[in-house]
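Structure first, commentary second.
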2 protein chains.
Amino acid sequence: MSNYLNIEIPELALAFKALSNPNRLKIFMQLLACCPPGTACSITEAQKFCVSELGKDLDVAPSTLSHHIKELKQAGLLKMQRRGQHIDCWVDPAKVEALHLFFKPQQDCATPELSRSHS
Amino acid sequence: MSNYLNIEIPELALAFKALSNPNRLKIFMQLLACCPPGTACSITEAQKFCVSELGKDLDVAPSTLSHHIKELKQAGLLKMQRRGQHIDCWVDPAKVEALHLFFKPQQDCATPELSRSHS
DNA sequence: TAGATAATTCGACATGTTTCGAATAATAGA
DNA sequence: TCTATTATTCGAAACATGTCGAATTATCTA
């Protein structure tokens, strides 16, 4: 069974599973958030945090934190890159956009273009 | 820790957990879909299916189907109402809209406009 | 090279999820 | 009222998840 969007069911389910744990959801939201206090905001560059920064508000062991971030990465929600001792994490904008589209109210099929324009 | 949108973390996590199971995701997508084959499309009325219709493509026992639909309902994704022998199900448009907003690319913080409401 | 910091892997354990079949409840129609 | 249909509840079994501590890997700095 195929999807109406550019993302398939197992892939979607995996993303939702990654976001179904409150700790992982907090990690994701921290990366998703724009202009957190004391941070310069850039439109072009995604928000980046290293692993330990992402665990500061979480109250879990480092091994648990690592596990959660790995799950988010395997679900395609995060990208990661080592920077010296640290490993930077940021959201994959394409995945966020795909999920944004998934939940787009699908009521534009009756008329070609309606007044409700998101984008 | 509060959210930047009008939906809190436990509530969000519950919705994502409900959608993390491929069978439940298929159920949700069937309800979300606009203009399925052989069905008249209405903008005002949400797409409705009864429980057994939702299970047709699923290959699970009726008890399992019932359980999944209950989970979707408890997560606030579905609404239900009995119609004779059947029980109709349809998506909660408000919840879909909230999730749509959650994944909205947040790059409007550079502009001074402060339209987003903090709870 | 040695020690410190950051992050991951591994094994273990408690808890949660998915699924089923059997039993039950609610409704429609004869 | 009796039977068929639709859907739910319950208990049980198999499987998956979340968490930790200990050990390990990678990098930086002295």
Side-chain angles (χ1 to χ4, degrees), chain A residues 1 9-31 47-92, chain B residues 1 9-31 47-92:
Chain A
M1 179 178 173
I9 286 177
E11 189 184 343
L12 264 174
L14 201 66
F16 292 137
K17 186 165 77 177
L19 297 174
S20 71
N21 176 276
N23 282 329
R24 283 197 297 266
L25 182 55
K26 285 181 191 171
I27 292 169
F28 181 74
M29 287 172 70
Q30 188 170 347
L31 290 171
Q47 194 62 238
K48 288 185 182 178
F49 288 95
C50 72
V51 172
S52 55
E53 282 173 329
L54 290 170
K56 267 182 182 166
D57 298 339
L58 244 54
D59 197 37
V60 293
S63 56
T64 304
L65 177 63
S66 182
H67 166 70
H68 282 323
I69 290 179
K70 186 180 178 182
E71 293 260 309
L72 287 165
K73 182 178 186 303
Q74 286 178 339
L77 290 159
L78 299 193
K79 293 187 172 295
M80 304 172 76
Q81 188 175 40
R82 183 172 276 279
R83 178 176 48 89
Q85 277 175 300
H86 301 263
I87 295 185
D88 278 337
C89 305
W90 65 97
V91 293
D92 181 348
Chain B
M1 180 177 172
I9 286 177
E11 190 184 342
L12 264 174
L14 201 66
F16 291 137
K17 186 165 77 179
L19 297 174
S20 72
N21 177 278
N23 282 329
R24 282 197 299 266
L25 182 55
K26 284 180 192 170
I27 293 169
F28 180 76
M29 287 173 69
Q30 189 170 346
L31 291 171
Q47 194 62 237
K48 288 185 181 179
F49 289 94
C50 73
V51 173
S52 56
E53 283 173 330
L54 289 170
K56 268 183 182 164
D57 298 340
L58 245 54
D59 196 37
V60 293
S63 56
T64 304
L65 177 63
S66 182
H67 165 73
H68 282 322
I69 291 180
K70 186 179 178 183
E71 292 258 309
L72 287 165
K73 182 178 185 302
Q74 287 178 338
L77 289 159
L78 299 194
K79 292 187 173 297
M80 303 171 76
Q81 188 174 39
R82 183 173 276 279
R83 178 177 50 88
Q85 278 176 299
H86 300 265
I87 296 185
D88 277 338
C89 306
W90 64 96
V91 294
D92 182 349

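A note on names: the letters A, B, ... follow the listed sequences, proteins ahead of strands, and every chain is numbered from 1. For the numbers below, each heavy atom of this structure counts, side chains included, while hydrogens, waters and symmetry mates do not.
Contacts with DNA chain D (heavy atom under 4.0 Å) in residues 68-76 of chain A: A:H68, listed by number.
For the pair B:S52 and D:dA7, the criterion of a side-chain N or O lying under 4.0 Å from OP1 or OP2 is met. In terms of phosphate contacts, A:R24 brings a side-chain nitrogen or oxygen within less than 4.0 Å of OP1 or OP2 of D:dG18. For B:K17, no side-chain nitrogen or oxygen approaches OP1 or OP2 of D:dT17 to under 4.0 Å.
Counting all heavy atoms, side chain and backbone alike, A:L72 lies closest to A:R24 at CD1-O, 3.8 Å. In this structure, A:L14 and A:A75 approach most closely via the heavy-atom pair O-CB, 3.7 Å. Nearest heavy atom pair, residue A:C89 against residue A:V51, reads SG-CG2, 4.0 Å. Considering every non-hydrogen atom in both A:F49 and A:L31, the closest pair reads CD1-CD2, 3.5 Å.
Side-chain proximity of A:N21 to the nucleotides D:dT19, D:dA7, D:dA22 is greatest for D:dT19. When the nucleotides D:dG21, D:dT8, D:dT19 are ranked by their closest atom to the side chain of B:M80, D:dT8 comes out on top.
Interatomic distance, B:K48 NZ to B:L78 CG, rounded to the nearest 0.5 Å: 12.5 Å.
Residues A:L19 and B:L19 form no side-chain contact, since every pair of their non-hydrogen atoms from C-beta on lies 4.5 Å or further apart. Looking at heavy atoms from C-beta onward, B:I69 lies in side-chain contact with B:M80 at the 4.5 angstrom threshold. A:I9 has its side chain within reach of B:M29: a pair of non-hydrogen atoms, C-beta onward, lies under 4.5 Å apart.
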Base versus backbone protein contacts along nucleotides 23-30 of chain D [heavy-atom cut-off under 4.0 Å; B, S, -]: ---SBS--
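For DNA chain C, the span of nucleotides reached by chain B at under 4.0 Å from its heavy atoms goes, 5' to 3', from C:dT17 to C:dA28.
Rounded to an integer number of Å, the gap from CD1 of A:I27 to C1' of D:dT19 is 13 Å. D:dT19 atom C1' lies 12 Å from atom CG of A:D59, rounded to whole Å. A straight line from NE2 of B:H67 to P of D:dT8 spans 12 Å, rounded to a whole angstrom.
With hydrogens and angles left out, the side chain of A:S63 and the base of D:dG21 share a donor-acceptor pair within 3.5 Å.
In this structure, the side chain of B:S66 does not engage the main chain of B:S63 through any donor-acceptor pair within 3.5 Å. Side chain of A:R83 to backbone of A:D88: no donor-acceptor contact under 3.5 angstrom is found.
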When you look at A:N21 and A:H68, which way does the side-chain contact (heavy atoms from CB on, under 4.5 Å) test go after all the steps? CA-CA 9 Å; A:N21 176 276; A:H68 282 323; 3.8 Å; yes
